[in-house]
Amino acid sequence: MILAIETSCDDTCAAVVTDAGEVVSNVVASQGVHARFGGVVPEWASRHHLEFANAVVDQSLADVSLDDITLVAVTQGPGLVGALLVGVATAKGIAAARRLPLAAVDHMQGHVAANFLQPDPFEPPFVCLLASGGHTLLAHVRDHEGYETLGQTLDDAAGEAFDKGARLLGLGYPGGPALSKLAATGDPTAFAFPTAARVAGLDFSFAGLKTALLYKVRDLGEEETARRAADLAASYEHAIVEALIMRVERALEIEPRLAIGGGVAANRLLRERAAALGVPVHIPPPQLCTDNAAMIASAARWVQAAAFPEYLALDAYANRRAA
Ligand code: KG4
Ligand code: ZN
């Protein structure tokens, strides 16, 4: 059995997963303290991880004995370094005390490996779209060990575009679900927002879209913006989803099977558009799409673990590794 810890952003996560990919426990403590700042505050995130880490690990071991754990896994990066270090130190401590091996896992590979978990594993090869508040990535997954980056965002992440749009419309943080809910009652053709169609290849860009909404809201004025909020939300959501689907369609020419992960995978319109693409589509359950430790344990199954005491010098990294 694998005990995994994930603290790359603001969620403190621990999970136990079997070698066969069955999820025994999957605990997530969300911090919620960032809402009033309109985003994640790195120093707050680290402090909360420190406060929650032991309790979250304990809870993940509620029905399993630590004696049954044969491997400890942890997210090494990318993410907020101060946040990652809390998870890395916790994992090192547990592993070292038990003389267990430690597997250092890449967060993005974790999102990919969420698809390999029971009871409904999706086997490579496939194209994987990862869209969350922190990342937007198209990956070509040929095996369980890694992936090739086909495209990524040149500026904002897709979830960030949802959040910034929601903020401009006065909808709070994180705004994706609220914006999407409002959009359901609006007309997606009411306003034409850019989809960065001119960005060639498989990269994404959402900064222009956010600016277009900002100007539109200024032009309309407060009263008219409030009156047309549903149309604005629907048109804005439509632009984000079309931008995503446009690149996905290009990538499916390389590999006609699709997996979607990250918080934005919860989006109703994206799901509808993906289901209509005419290829097999796999979307893990919501708790495995957003940040979690079960996906880190899943990825650890194909990572070369370090033996005690080699991993004591293990460090976290902030930025995405070249893949
Ligand atoms: O994966 P996640 O929980 O956290 C990280 O960012 O790592 O993703 C959260 C993001 C937020 O930007 C949120 O607004 C967006 O996913 N999101 C949605 C929906 N649910 C969550 N965006 C659009 N529609 C949704 N239904
Ligand atoms: Zn993530």
side-chain contact (heavy atoms from CB on, under 4.5 Å) assessment of Met295 paired with His107
CA-CA 9 Å; Met295 71 184 195; His107 180 80; 3.6 Å; yes
Heavy-atom side-chain proximity of [X] to [Y] below 4.5 angstrom:
X      : Y      : result
Val16  : Ile69  : yes
Val264 : Leu270 : yes
Lys216 : Leu232 : yes
Leu138 : Val127 : yes
Leu244 : Thr136 : yes
Val199 : Phe204 : no
Ile94  : Leu66  : yes
Leu102 : Lys92  : yes

Taking atom CD as the centre, does Glu51 end up with more than 12 heavy-atom neighbours from other residues, nucleotides or ligands that are less than 6.0 angstrom away?
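Correct, the count exceeds 12.
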Neighbour count above 12 (heavy atom, 6.0 Å) for Glu272 CD:
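Buried by this count: over 12 neighbours within 6.0 Å.
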For the student: nearest non-hydrogen atoms of [X] and [Y], plus distance:
X      : Y      : value
Tyr317 : Asp106 : OH-OD1, 2.7 Å
Ile296 : Gly110 : CD1-CA, 4.1 Å
Val74  : Leu314 : CG1-CD2, 4.4 Å
Ser60  : Leu3   : OG-CD1, 3.6 Å
Pro194 : Ala239 : O-CB, 3.9 Å
Phe308 : Ala96  : CE1-CB, 3.7 Å

What's the verdict on salt bridge (charged side-chain N to carboxylate O under 4.0 Å, His left out) for Asp156 and Lys210, showing C-alpha distance, side-chain angles and the deciding distance?
CA-CA 9 Å; Asp156 293 347; Lys210 173 196 63 190; 3.3 Å; yes
For the aromatic rings, using the six-membered ring if either is Trp, is the centroid distance between His282 and Phe126 under 6.0 Å?
no
Are the side chain of [X] and the backbone N or O of [Y] linked by a donor-acceptor pair below 3.5 Å?
X      : Y      : result
Asp231 : Asp187 : yes
Arg273 : Glu242 : no
Glu160 : Ala157 : yes
Asp155 : Phe206 : yes
Asn292 : Leu288 : yes
Gln76  : Asp315 : yes
Gln109 : His144 : yes
Ser235 : Phe191 : yes
Tyr236 : Ala161 : yes
Asp203 : Gly151 : no

Who passes side-chain contact (heavy atoms from CB on, under 4.5 Å) against Ala178, sequence neighbours left out?
Leu171
Measure the spacing between [atom1] of [X] and [atom2] of [Y] and express it to the nearest 0.5 Å.
X      : Y      : atom1 : atom2 : result
Asp11  : Ser30  : CG    : OG    : 4.0 Å
Ile240 : Asn267 : CD1   : CG    : 8.0 Å
Ser8   : Leu84  : OG    : CG    : 5.5 Å
Leu150 : His140 : CG    : NE2   : 7.0 Å
His111 : Ser132 : NE2   : OG    : 5.5 Å
Asp291 : Gln287 : CG    : CD    : 13.5 Å

Show the numbers, then the answer: is there a salt bridge (charged side-chain N to carboxylate O under 4.0 Å, His left out) between Arg98 and Asp67?
CA-CA 9 Å; Arg98 295 270 166 166; Asp67 296 336; 2.6 Å; yes
Would a single hydrophobic cluster contain both [Y] and [X], if residues Ile, Leu, Val, Met, Phe, Trp and Tyr are joined by side-chain heavy-atom contacts under 4.5 Å?
X      : Y      : value
Leu209 : Leu168 : yes
Ile2   : Val303 : no
Val27  : Met1   : no
Trp44  : Leu50  : no
Val28  : Val64  : no

Salt-bridge criterion met for Glu237 and Arg268 (N-O under 4.0 Å)
yes
Can Glu43 and Arg47 be counted as an ion pair, charged N to O under 4.0 angstrom?
yes
When you measure from the centre of the six-membered ring of Tyr147, is the NZ or CZ of Arg142 closer than 6.0 Å and no more than 45° off the axis?
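The answer is no, since Arg142 fails at least one limit relative to Tyr147.
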Please tell me whether Thr225 and Glu223 have a donor and an acceptor in their side chains that are separated by less than 3.5 angstrom.
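No, no side-chain donor-acceptor pair sits under 3.5 Å.
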Under a 3.5 Å threshold, yes or no: a donor from one side chain and an acceptor from the other, between Arg301 and Ser298?
yes
Please assess Val217 against Leu169 for the test side-chain contact (heavy atoms from CB on, under 4.5 Å), listing each intermediate value before the final yes or no.
CA-CA 8 Å; Val217 164; Leu169 296 175; 4.3 Å; yes
I would like to know whether His49 and Ser46 meet side-chain hydrogen bond (donor to acceptor under 3.5 Å, both in side chains); could you show each step before the answer?
CA-CA 5 Å; His49 288 310; Ser46 311; over 6 Å; no
Start with the C-alpha gap between Leu213 and Phe193, add the side-chain angles, then the distance that decides, and say whether side-chain contact (heavy atoms from CB on, under 4.5 Å) holds.
CA-CA 8 Å; Leu213 178 63; Phe193 287 122; 3.7 Å; yes
Stepwise side-chain contact (heavy atoms from CB on, under 4.5 Å) test for Cys128 and Ile260
CA-CA 6 Å; Cys128 187; Ile260 307 180; over 6 Å; no
